Amino acid sequence: MKRLWIALLAGVAGVAVAAQPGRRSVSLLVVGGTVITQNATHAVLSPGAIAVDGTDVVEVGAPDALAARYQARETVDARDAVVLPGLVNTHTHAPMVMYRGLADDLALMDWLQKYIFPAEAKTVSPELVRTGTKLAALEMIESGTTTFADMYYFEEEIARTTVEAGLRAVLGETIVQFPAPDAKIPAESLARAERFIKEFKDNGLVVPAVAPHALYTNDRASLVATAELGRRLGAPVLIHFAETEDEVRIAREQHNMTPTAYLESIGFWGPRTLGAHGIWVTDDDIRILQRRGVGVSHNPESNMKLASGAAPVTKYLAAGVALGLGTDGAASNNDLDMFEAMRQASFLAKHATRDPTAVPAQTALDLATIGGARALGMEKLIGSIEPGKRADIVTVAMRAPRQTPMYDPVSHLVYVTRGDDVRTTIVNGRILMKDRQVRTLDRTAVIADANRLAARVRDAVGR
Ligand SMILES: [Zn+2]
């Protein structure tokens, strides 16, 4: 209640100073609420305010102080809300929302080889990728994700849709050994990836990348070629690695090494590589990843659903590996809600180590914000609310019975918040959703298009 009164008084002060001359004109003010900055000192302002001009955060401070200094063209009222940096989903396959619930309750190899790869061979098209990405973007905007890292096909379609939706993304064109939906042979995929990277290289929202699917779907030559392509063009390289015990067994049989050590032996790892999963790693593997500056994406929900295992999160963090959090594609999760991913990251770590202090709420929030930014090599731009960084900000309503009372906002973000509690989503200083009204996509049309295409998927796979 005290907080509310302070916020109300600040609001009154804001009105009182509205007529003062000499205030700097900015594009946006986010006013009131508890601002969780996620900066180096984990500063929390309650109540707080954020001034944004163009794409960047200009100042973070007390509401009355900022109201006295800035005049904004638009204001977001965040009273009774928690304000935090937009969430960073470090691993997904956005268009796979079109396969949500198509094949559940299977192990990774069965799921991939008997269901997902065949369904993709029959149904992936530029249209499905476009429609799926719109649906995924809608879900991400509505649940507070502002940046996502993607690995899929027709990545140029995903890039165009991402820019249209206003989200930020690292998008990796997938390379596999077998005929892919958008290329017959790896060389063709590589040529596609090169064209894609050059086309989107200077985009303000999209970072183009190349994505060899995994060790078990690529030979040595194409793994080396993708790493070289990434290095030559200064682009990130995304891969799945050490996801299952089977993958480790095969790598040991074929190369007498773990997947991580094999990728090291061919010069694959570097500071711009991001490995997803990294469950079955040895202490030596973790040292390799740390030494090479590799980002690792932890995907607790996908890993639990496919019974792949539990990544050694605590060991990664102790070793100083840049660790982020991801949902994986919606076909193995089955949603893109990063709040749920935070909660499950915390629970899975506690369960797997039988240590209730493993991955506390603050650590889970770090993984989903500044940790993800570090894993993607974007920590100077995003991951916290600080002057000079891009204004990627979300507000979360905290008035539901389930959220009452609130002693600790960080605890609430991780342990009781759902994606649906997000009220406002801002990316690059642009409001994509305000009071749950998405401005960049036509919600009704996106859902109708997805349902229409799903009927074709159903026919194609005989469901
Ligand atoms: Zn994946």
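For clarity, every value in this text was computed on a predicted model and none was experimentally measured. Atom set for the values below is all heavy atoms of this structure, side chains included, hydrogens, waters and symmetry mates excluded. Order of appearance sets the numbers: ligands from 1, and atoms from 1 within every ligand.
- Look at Glu164 and Arg160 and you find no salt bridge, because none of the NZ, NE, NH1 or NH2 atoms lies under 4.0 Å from a carboxylate O.
- Look at His93 and the Zn ion (ligand 1): an N/O/S atom of the residue is under 2.8 Å from the metal.
- The minimum distance between the Zn ion (ligand 1) and any N, O or S atom of His91 involves atom NE2.
- A side-chain contact (heavy atoms from CB on, under 4.5 Å) with Thr147 holds for exactly one of Met140, Arg390, Arg168; it is Arg168.
- Among heteroatoms of the N, O or S kind in Asp328, OD1 lies nearest the Zn ion (ligand 1).
- Between Arg287 and Asp284, at least one side-chain nitrogen of the basic residue sits less than 4.0 Å from a carboxylate oxygen of the acidic one, meeting the salt-bridge criterion.
- Inspection of the Thr133 and Glu157 side chains reveals no N or O donor paired with an N or O acceptor under 3.5 Å.
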